[in-house]
There are 2 protein chains.
Amino acid sequence: MANRRSGRVNARDVARAAGVSQSAVSRTFTPGASIAAETRQRVIAAARELGYRPNAFARSLITRRSRMVGLVLADLDNPFYARMLEAVSRELQAAGHHVMLFFTDRGEADDALQEILQYPVAGLLMASATLSSALARECAEAGIPVVLVNRDVPDAPTVSVTADNEAGGAAVGDFLARAGHQRVAFIAGDPEASTSRDREHGFREALARHGLTCHARAVGNYTREGAREAARTLFRVNAPPDAVFVANDYMAFAVMDTLRGELGLRVPEDVSVVGYDDVTQAAWGAYNLTTVTQPTDTMVSTAVTALLDSIRDGAPGRERRVIAGELVVRRSSRCPQNR
Amino acid sequence: MANRRSGRVNARDVARAAGVSQSAVSRTFTPGASIAAETRQRVIAAARELGYRPNAFARSLITRRSRMVGLVLADLDNPFYARMLEAVSRELQAAGHHVMLFFTDRGEADDALQEILQYPVAGLLMASATLSSALARECAEAGIPVVLVNRDVPDAPTVSVTADNEAGGAAVGDFLARAGHQRVAFIAGDPEASTSRDREHGFREALARHGLTCHARAVGNYTREGAREAARTLFRVNAPPDAVFVANDYMAFAVMDTLRGELGLRVPEDVSVVGYDDVTQAAWGAYNLTTVTQPTDTMVSTAVTALLDSIRDGAPGRERRVIAGELVVRRSSRCPQNR
DNA sequence: CTGAAAGCGCTTACAG
DNA sequence: CTGAAAGCGCTTACAG
């Protein structure tokens, strides 16, 4: 049934079989093209018979457009990004696009991008990784829109979608102060990342408004091991914190495990723990983590919409979208009224 | 600097700028092609100047090969698949391949595959989803090797890589019987999936060897809510189980949360819980789950190697690789010696 | 080592 | 509505 020669049937083969021109075959598979119903039926029958599928590469070559979007990620261990990846992929697929996936290290992913850019991608979506502003400019010149999620390259011609990390951090500071905590600590993620910096900044400002300062600080680097080590450093002292804000949920789980399993502390009786992201596991019984929502769904659809709009307009947007999150109080923290 | 006309510089532009033929440009970017060192330098300089990158689509069209591999997944919520996705992608990238990602529903992903197959993929890797044996045959005829991870299509011309689920289930049955449990229950995943069926089968056989039968059974469908419901059904009775084997870790976490938070049972004092997969979270302090290793790394590298081999040979392999796992005893279960 | 030419599989003005 | 022809950006015999 299938073409013996090449292992791949092409439009010419179908045309011959259907007794029409190659143009007719092409028109059959181009929605809205002008073709007689009967011709179309003949082509479809022949195509089915031969197992023909239009070759997307050839089509993209001639139309100078592609329905392929590059997706760049650095970290899938963190369930926040796993959730985001799935949501982004499904939305893009629903919009008729196809996803090319790349994993890089954290930070600037220019090398990986050089590879992706060999393909005529219609757009680029990056999360947990960035690109240099030079490459951002190059993409803009080439007409390839770039959308960053959870990252931001100042002054670059890109769209960025971030959570309102400052406001989120402030909500946590406010909440812990109101609950009557006196020695409030912070465990940072990657000290370079704007997510961690902004959360910390908002947090400190809020504490200040209540006349408090950050009692202690350690860096967990957004890794589990880093978080455990930070917890040990912070709590193996004479006057340990009575509350700790951890820059994301993923680290907060490690902190809780360490506090309870290793240091024999009770949460929240001895210490309140607050995270950030509201990943699925935060609601699981074992953690019941008070945290700030990263509105993944909103962020994803904002990012995807922005990307699709830019692709449609052929204009690489340039805006900063900040999505508000909210504090979700669960049982890992003391409440103001329990004071 | 970049080409003003089209937004994309092509080999012809570079050739003109460097004062050489288009062939020379092509040879410069084809490793091993015969080209003088000096010519090559001129081309490279011109390419850099103009911001030229070879177009992978055009290249693939003419060579009739592509370095693109299709990856099909159904479920990323389960951390086992997230870990696998990242490992697979990174290995494939390291081998110079690029990954096209597709999400489908569980079961047969024929529709999604029809879309992928419009691209000239060099091979297909599927996990947590399968394809019909008809489509498997079609791929084989088209020379596209298919590798299934954690799934199997009997008699189809594909390579499948699965864990030895029977042996794993047997290890659990054996372990629980030796620990002196009398009323051992099972919570199934997707009753259709061979993973769940094989684990259950091995489990029951092992119990039988100890003169036990499976005391109760419920279906969790590999979802968290299903697992919670299954736990309620199984444990809200007069003589509840004293041990439960859950078909995967992901559900086992939900079961533990329900047992402890909702039913007031202690793990392992009142009931032993055993999972399957050994996902990262199984080792986290809050769960400390006894489970059976799915040797992700081995499975991934076996699958990737098989795929790359088939691509290289141009022959769609046909074998079943079964990877052994092992029981990891943690604190969610009573041990034989504590009897 | 090098270039001119053919061709991968498609779409799209153009003329009918 | 339809077909012949040109061309997307590349690689690869072929001849020199």
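Quick note on labels: first sequence line is chain A, next is B, and so on, each numbered from 1. From a predicted model like this one, the values you see are computed outputs, not experimental measurements. Because only heavy atoms are used, hydrogens play no part in the values below, and waters and symmetry mates are left out as well, while side chains stay in.
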Could you please name the option among [options] that lies closest to any side-chain atom of [X]?
X	options	answer
B/Arg65	D/dT12, D/dC1, C/dG9	D/dT12
A/Ile62	D/dG3, C/dC10, D/dC10	C/dC10
B/Ala36	C/dT2, D/dT12, C/dG3	C/dT2

Dump the pairs, protein N or O against N or O of nucleotides 14-16 of chain C, anything under 3.5 Å, distances to one decimal.
none

Strictly by salt bridge (Lys or Arg N to Asp or Glu O under 4.0 Å), give each pair with a member in residues 94-113 of chain B just once, sequence neighbours left out. B/Asp75-B/Arg106
Once salt bridge (Lys or Arg N to Asp or Glu O under 4.0 Å) is applied, what residue pairs with a partner in residues 303-316 of chain B remain, sequence neighbours excluded? B/Asp309-B/Arg312
What's [X] touching, base or sugar-phosphate or nothing? Going by heavy atoms closer than 4.0 Å.
X	result
A/Thr63	sugar-phosphate
A/Ser60	nothing
A/Phe29	nothing
B/Arg40	nothing

Check DNA chain C for consecutive Watson-Crick or G-U pairs with both distances under 3.5 Å and list the runs of at least three as stems. C:1-3 with D:14-16, C:5-12 with D:5-12, C:14-16 with D:1-3
Kindly list each side-chain donor-acceptor pair under 3.5 angstrom involving residues 23-31 of chain B, sequence neighbours excluded, with atom names and distances?
residue: B/Thr28; atom: OG1; partner: B/Ala24; partner atom: O; Å: 2.8
residue: B/Thr30; atom: OG1; partner: B/Ser26; partner atom: O; Å: 2.8

Non-neighbouring partners of [X] that pass salt bridge (Lys or Arg N to Asp or Glu O under 4.0 Å), sequence neighbours left out:
X	value
B/Asp190	none
B/Glu86	B/Arg90
A/Glu38	A/Arg42
A/Arg321	A/Glu319

Does C/dC1 have its OP1 or OP2 closer than 4.0 Å to a side-chain nitrogen or oxygen of B/Ser34? yes
Could you list the residues that satisfy side chain to side chain contact (heavy atoms under 4.5 Å, CB included) with A/Leu61, not counting sequence neighbours? B/Asn55, B/Ala58, B/Leu61
On DNA chain D, check which nucleotide each of B/Ser23 and B/Ala58 is closest to and give me the residue with the more 5' one. B/Ala58
Applying ring-ring contact (aromatic ring centres under 6.0 Å, His included), can you list everything that pairs with B/His98, at least two apart in sequence or on another chain? A/Phe102, A/Tyr119
DNA chain D contacts among residues 112-124 of chain B, heavy-atom distance under 4.0 Å: none
Whether A/Ser128 side chain and A/Leu73 backbone form a donor-acceptor pair below 3.5 Å: no
